[in-house]
Amino acid sequence: MFTSLPPLNALRAFESAARLQSMTLASKELHVTHGAISKQIRVLEEFLGFALFVRLHKKVALTDEAKRYLPHVQAALQTLSSATADLRNQGSRPQTLAINVLPSLTINWLIPRMEQFKSRHPHLYVDLSIGDFAVDFSQGRYDIAIRSSTQLPRGVNYIKLMDEDLCLVCAPSLAPKLKSIEDINNVTLLKHTTRPELWEYWADKVGLVLTQAQTFGVEHFYMLSQAAASGMGAALIPRFFIEEQLANGSLVIPFQAPFTSPYAYYLLTPKSPSLPLKVQAFIDWMLELFAPYRQSSDNDKA
């Protein structure tokens, strides 16, 4: 393809010299020497097989062939220049980035951090919605989704953000009743209703037989953290969901019994060999935010 294309530098030299009718002025415009312009013109003339200029005393004049050639060269260079500028400016144009994220992750963790992303990318309008349904990117509603799963996602591009490391928490008022692992059987177990097996996984991990029959179920980790903070019982919640509550003391860890659940968090994008700049920008930011959690998880397992 494009076997008849002449060298780009030679075209630029020709266009400038032809428009200005001067090799000297062309050299100043392109910030090269007079000799460099002359050399590029000779390269183009040899490529084309005919002369482009008639050399006069202090200027140059176009040959008839060059007069016919010049408008096409200018049009082609303008097209290339416009297309390049359009691509380079793509990152600064107002664009919409549609993101669908797990409810608890959005409310407790992502929204408080979104201003940082917006300050870095003010040209992006972020359309953030919540959901935990299977994502169908073919509908074109979302650019990115974040989900948790026990299996690797299929039919999409995905990046694993981190494993789900849970910690056992409760309200400060309940902590005196939880001196050891066995005391779990003396308090209400707060369950994540879409993951009702987490307590059994945890008990198997720590070597405890669960005998407490009193439970209370809620649908999301956000609701689970609120129930635990109100003193309703003990809960297993990812640490990164409840950093603020641990910091302000509304939730406490009565004893250390960390547990990595079968779930992991994935960032999903449509199946494609390349990503729009706006999508890559969000991915880079998310990887930056999740890096400490991945490192902490790796250290715990080491």
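Between the side chain of D204 and the main chain of E200, no donor-acceptor pair closer than 3.5 Å is present. At least one donor-acceptor pair closer than 3.5 Å links the side chain of N185 to the backbone N or O of V209. For D143 (side chain) and A98 (main-chain N/O), a donor-acceptor pair under 3.5 Å exists by modelled atom type. Here the side chain of S272 pairs no donor or acceptor atom with the backbone of L275 at under 3.5 angstrom. Distance alone, capped at 3.5 Å, places no donor-acceptor pair between the S16 side chain and the A13 backbone. A donor-acceptor pair is defined here as one N or O able to donate and one able to accept, closer than 3.5 Å; such a pair exists between the side chain of K278 and the backbone of T96.
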Please walk me through it: do Y69 and F14 pass ring pair (Phe, Tyr, Trp, His ring centres under 6.0 Å)? CA-CA 10 Å; Y69 191 44; F14 163 67; 5.8 Å; yes

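For Q151 and S149, the side-chain atoms include no donor-acceptor pair closer than 3.5 Å. A side-chain donor-acceptor contact under 3.5 Å links D165 and T260. Using modelled atom types and a 3.5 Å distance limit, the side chains of Q95 and Y125 yield no donor-acceptor pair.
Heavy-atom neighbours of R147 CZ from other residues, nucleotides or ligands within 6.0 Å: above the threshold of 12. Around atom OH of Y222, no more than 12 heavy atoms belonging to other residues, nucleotides or ligands sit under 6.0 Å away. Counting non-hydrogen atoms of neighbouring residues, nucleotides and ligands closer than 6.0 angstrom, the CZ atom of F47 exceeds 12 such neighbours. Heavy-atom neighbours of R120 CZ from other residues, nucleotides or ligands within 6.0 Å: above the threshold of 12. With a 6.0 Å radius and a threshold of 12 heavy atoms from other residues, nucleotides or ligands, E244 has its CD atom at or below the threshold. Under a cut-off of 6.0 angstrom, the local environment of CZ in R55 is crowded, with over 12 non-hydrogen atoms contributed by other residues, nucleotides or ligands.
Cation-pi contact between R195 and Y263: present, with separation from the ring centre below 6.0 Å and deviation from the ring axis of at most 45°.
A salt bridge links R113 with E243: at least one charged nitrogen is closer than 4.0 Å to a carboxylate oxygen. Salt-bridge check for R12 with E29: failed, with every basic side-chain N at 4.0 Å or more from each acidic carboxylate O.
Atom CG of residue L208 and atom CH2 of residue W202 lie 5.5 Å apart, to the nearest 0.5 angstrom. Distance CG/L287 to CD1/I159: 5.0 Å, rounded to 0.5 Å.
Residues L190 and V218 fail the side-chain proximity criterion, which asks for heavy atoms closer than 4.5 Å.
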